[in-house]
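Below is one structure, written out as structure tokens; comments come after it.
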Amino acid sequence: MKTFNTLILLCFTLLLTSCFEDKDDIPISTSEINDFVWKGMNLSYLYKENVQQLSNEQFGINAIENRYGTNDAYNAYLNSFDTPRELFESLKYDPETTDRFSWIVDNYFELERGFSGISKTNGMEFSLFRAPNSDTDLIGIVRLVLPDSNADLNGIKRGDLFYAINNTNINDDNFNTLLNQDIYTINLGNYNNNNTPDDRTDDTIEITSQNIELTKLEYTENPVFKTEIYNLNSNTIGYLMYNGFNVGSENELNNAFGEFKSNNVQHLVLDLRYNSGGSVSVETALASMISGQFSGDVFKKLIYNNTLQENNRIFPFIQSIGNTSINSLNLDKLYVLTTRRTASASEGLINSLKSYINVVQIGANTRGKTQASITIYDSPDFRRDGANRRHTYAMQPLVANGVNKNDIPVPSNGLTPDIELAESALNYGVLGDINEPLLAAAIADINGTTSKTSKFKSQKRLELVKDFDLNPKKGGMIID
């Protein structure tokens, strides 16, 4: 009897599961997804007041009637777009200048994995530059290699140059096809200026016999990339390269600051040159580790659109992460290394800390992103729970402006460095090494020998064609 009852229960369970799956398999129309896109943007979009196609009302039938008069007119509007992406792009305000950062995805599982630092990658981040004396050929130069990634295990180093993939020279027409493969072989070379550093017409690429096969694999990145402690000229200097404000990295950060604190670090160089942003909460935690003397004071504010002013939020400096006390250095001066890839939460950290301590920025202008975003799903309250199981579209629109305690945002053209020093792809140096140009400039300033940085300012510049980031969707300023 027990076996029979178990069989009945199993059959009943399978029947219920089958019905549930059948429901999920019902095709969903583009118009239905477009309805989600419009309603989600109409509620939360930071610049909704500037978009004629959106309504002054927030929800439901009132919002639709306010803008379109009737449901039929609204449905006709939705049906005029062939894809949800097309509709979404049409609702962005001034996308060339003001909103360069909102996006939509058709697979939110991949989006979530990206925010967690999980991606399919060979671990090599690089840039493509115009090859010398060519209008079409390109060269790649590696700027970052993830620890224990496939590239790292195969011996790829920062500064390595490759001129071909699978023995095919890289050019304007084929680089996307060549680099989108999961497995490919890079053909390495050397840059030779033929002892004429000021004349690029004599430059050549020397072909070597070194070829390395790389494979893209699933990889979970630890954004705490490197920490070092230097004792130089009676100064104890801490160095932290942090590559993403990933939720879950707070404890790793706190452990690093615990090490700094136990070694009596007096000066900190925070390397954010490749940090495109992430969680505002993690940003606040890092600011509290750097300082510590401003607990409870306003670190940052988020300001929403006119119909969501009740959501405006203040992020104060904190003393603990859960039940763990924060290891704070109580610094009144911070050195930050930046490039154009320094964006969003990274910029917010600099902008908000400047209201309290002296922040010396070294490198190049940052990206210029002051806004925060949130993931919007197709559910009754636009949250993850209850998301429509018939599609996997989600949006990441800008929903709030991030400002410091004095209501000052990051400028749209980025934060200007106090010591301007662009990275040179032909002289990247080793990250964390005291002779690496940007770090050397910070150490020189700490030691009062800033004149030593002048030798880094005349490096030859290559013509950049395209940057390839390891996980281009991991950054932004994300509201938890």
Inset, instruction - Walk me through it: do Ser379 and Asp381 pass the test side-chain hydrogen bond (donor to acceptor under 3.5 Å, both in side chains)? - result: CA-CA 5 Å; Ser379 70; Asp381 59 1; 3.2 Å; yes
Inset, instruction - List the steps, then state whether side-chain hydrogen bond (donor to acceptor under 3.5 Å, both in side chains) holds for Asn231 with Thr236. - result: CA-CA 5 Å; Asn231 292 296; Thr236 304; 3.1 Å; yes
Legend entry - Residues Gln371, Tyr47; criterion side-chain hydrogen bond (donor to acceptor under 3.5 Å, both in side chains); working and verdict: CA-CA 11 Å; Gln371 310 97 328; Tyr47 301 108; 2.9 Å; yes
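More than 12 heavy-atom neighbours from other residues, nucleotides or ligands sit within 6.0 angstrom of CZ on Arg384. Atom CG of Asn195 has 12 or fewer heavy atoms from other residues, nucleotides or ligands within 6.0 Å. Applying the 6.0 Å contact sphere to CD of Gln210 captures no more than 12 heavy atoms from other residues, nucleotides or ligands.
With Tyr335 as the partner, the side-chain hydrogen bond (donor to acceptor under 3.5 Å, both in side chains) test is satisfied by one option alone out of Asp271, Asp418, Asp445, Asn358: Asp445.
Under the 4.5 Å side-chain criterion, counting only non-hydrogen atoms from C-beta, Ile290 is in contact with Leu270. Side-chain contact between Leu302 and Asn312: absent, with no pair of heavy atoms (C-beta onward) separated by less than 4.5 Å. Considering only heavy atoms from C-beta on, Phe299 comes within 4.5 Å of Glu283 through its side chain. Contact annotation: the side chain of Ile205 approaches that of Leu161 to within less than 4.5 Å [non-hydrogen atoms, C-beta and beyond]. Between Phe225 and Leu431, some side-chain heavy-atom pair lies under the 4.5 Å cut-off. When side chains are defined from C-beta on, Lys216 does not count as touching Thr121, because their heavy atoms never get closer than 4.5 Å. Side-chain atoms of Ile186 and Leu214, non-hydrogen and from C-beta on, do get closer than 4.5 Å to each other. Side-chain contact between Leu146 and Asp148: absent, with no pair of heavy atoms (C-beta onward) separated by less than 4.5 Å.
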Show me the donor-acceptor pairs within less than 3.5 Å that the side chains of residues 318-330 make with the rest of the protein, sequence neighbours left out.
residue, atom, partner, partner atom, Å
Asn327, ND2, Asn254, O, 2.8
Ser328, OG, Ser288, O, 2.8
Asn330, OD1, Gln293, N, 3.4

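Side-chain atoms of Asn222 come within 3.5 Å of backbone N or O of Val224 as a donor-acceptor pair. With hydrogens and angles ignored, the 3.5 Å screen pairs a side-chain donor or acceptor of Ser346 with a backbone N or O of Asn275. Side-chain atoms of Asn50 never come within 3.5 Å of backbone atoms of Tyr93 as a donor-acceptor pair (strictly under, hydrogens ignored). Here the side chain of Gln309 pairs a donor or acceptor atom with the backbone of Tyr304 at under 3.5 angstrom. Between the side chain of Asp160 and the backbone N or O of Val142 there is no donor-acceptor pair closer than 3.5 Å.
Ion pairing between a basic and an acidic side chain is recognised when a charged N comes within 4.0 Å of a carboxylate O; Asp99 and Lys369 show no such pairing. With respect to the salt-bridge test (charged N to carboxylate O, under 4.0 angstrom), the residues Glu436 and Arg273 qualify. Using a 4.0 Å cut-off between charged nitrogen and carboxylate oxygen, Lys405 and Asp297 do not count as a salt-bridge pair.
Under the ring pair (Phe, Tyr, Trp, His ring centres under 6.0 Å) criterion, Phe315 pairs with no residue at all, not counting sequence neighbours. Applying the ring pair (Phe, Tyr, Trp, His ring centres under 6.0 Å) test to Tyr242 and every residue at least two apart in sequence or in another chain returns Phe245.
Aromatic ring centres of Tyr393 and Tyr377: separated by at least 6.0 Å.
Between Ser352 and Asn404, the side chains place no donor N or O within less than 3.5 Å of an acceptor N or O (distance only, hydrogens not considered). Under 3.5 Å, the side chains of Arg113 and Ser119 contain no donor-acceptor pair of N or O atoms.
Screening residues 322-351 for salt bridge (Lys or Arg N to Asp or Glu O under 4.0 Å), with sequence neighbours left out, gives Arg341-Glu423, Arg341-Asp467. Within the structure, every pair that satisfies the salt bridge (Lys or Arg N to Asp or Glu O under 4.0 Å) test and touches residues 169-182, not counting sequence neighbours, is listed here: Lys120-Asp182, Arg130-Asp172. Screening residues 124-164 for ring-ring contact (aromatic ring centres under 6.0 Å, His included), with sequence neighbours left out, gives Phe126-Phe162, Phe126-Phe468.
The aromatic rings of Phe317 and Tyr356 sit perpendicular, their planes meeting at an angle over 60°, well past the 30° parallel limit.
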